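Being a predicted model, the structure only gives us computed values, none of them experimental.
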Amino acid sequence: MREFKLTEDYIELVKLLKLLRIAQTGGHAKIIVEEGEVIRNGEPEYRKRAKLVKGDIIEVAGETIKVT
């Protein structure tokens with residue numbers, strides 16, 4: 001499990017995917033989300049700009065990311 005440490009109150013889902021290099025571009029990140037490849041706290045997440053906060057668990061591309 002990877003951890004991502006927040007320095008703000010939240011981070012948008014597509015920005016997290018780009019920062020962690022799961023997506024090569026913002027457009028690629030949006031496609032990943034639109035196609036239902038992202039699981040947030042056990043539920044599919046389709047909102048590209050979903051605000052992730054501390055404690056969220058994201059599953060995507062065979063990886064698990066904990067927002068801390």
So which atom in [X] and which in [Y] form the shortest heavy-atom distance, rounded to 0.1 Å?
| X | Y | result |
| --- | --- | --- |
| Leu13 | Lys48 | CB-O, 3.5 Å |
| Ala61 | Ile22 | CB-CG2, 4.2 Å |
| Ile32 | Ala23 | CD1-CB, 4.0 Å |
| Asn41 | Gly55 | OD1-O, 4.1 Å |

Among the clusters formed by ILVMFWY side chains lying less than 4.5 Å apart, do [X] and [Y] turn up in the same one?
| X | Y | result |
| --- | --- | --- |
| Val60 | Tyr10 | no |
| Tyr46 | Ile11 | no |
| Leu19 | Val67 | yes |

What's the verdict on side-chain contact (heavy atoms from CB on, under 4.5 Å) for Leu20 and Arg2, showing C-alpha distance, side-chain angles and the deciding distance?
CA-CA 10 Å; Leu20 296 179; Arg2 292 170 70 174; 3.4 Å; yes
Apply the test side-chain contact (heavy atoms from CB on, under 4.5 Å) to residues Ile65 and Ile57: give CA-CA distance (whole Å), side-chain angles for both, the deciding distance (0.1 Å), then the verdict.
CA-CA 6 Å; Ile65 302 129; Ile57 305 289; over 6 Å; no
Is there a side-chain contact between Thr68 and Phe4, using heavy atoms and a 4.5 Å cut-off?
no
Is the closest side-chain heavy-atom distance between Arg49 and Val14 below 4.5 Å?
yes
Rounded distance [0.5 Å steps], [atom1] in [X] versus [atom2] in [Y]:
| X | Y | atom1 | atom2 | answer |
| --- | --- | --- | --- | --- |
| Leu6 | Asp9 | CG | CG | 8.5 Å |
| Leu52 | Glu12 | CG | CD | 9.0 Å |
| Glu8 | Lys51 | CD | NZ | 12.0 Å |

Flag the pair Arg47 and Glu45 as a salt bridge only when some basic side-chain nitrogen lies within less than 4.0 angstrom of an acidic carboxylate oxygen.
yes
Under a 4.0 Å threshold between the charged nitrogen and the carboxylate oxygen, would Lys66 count as salt-bridged to Glu3?
no
Looking at residues at least two apart in the chain, or sitting in another chain, which of them share a side chain to side chain donor-acceptor pair (under 3.5 Å) with Glu37?
none
Set of residues satisfying side chain to side chain donor-acceptor pair (under 3.5 Å) with respect to Gln24, sequence neighbours excluded
His28
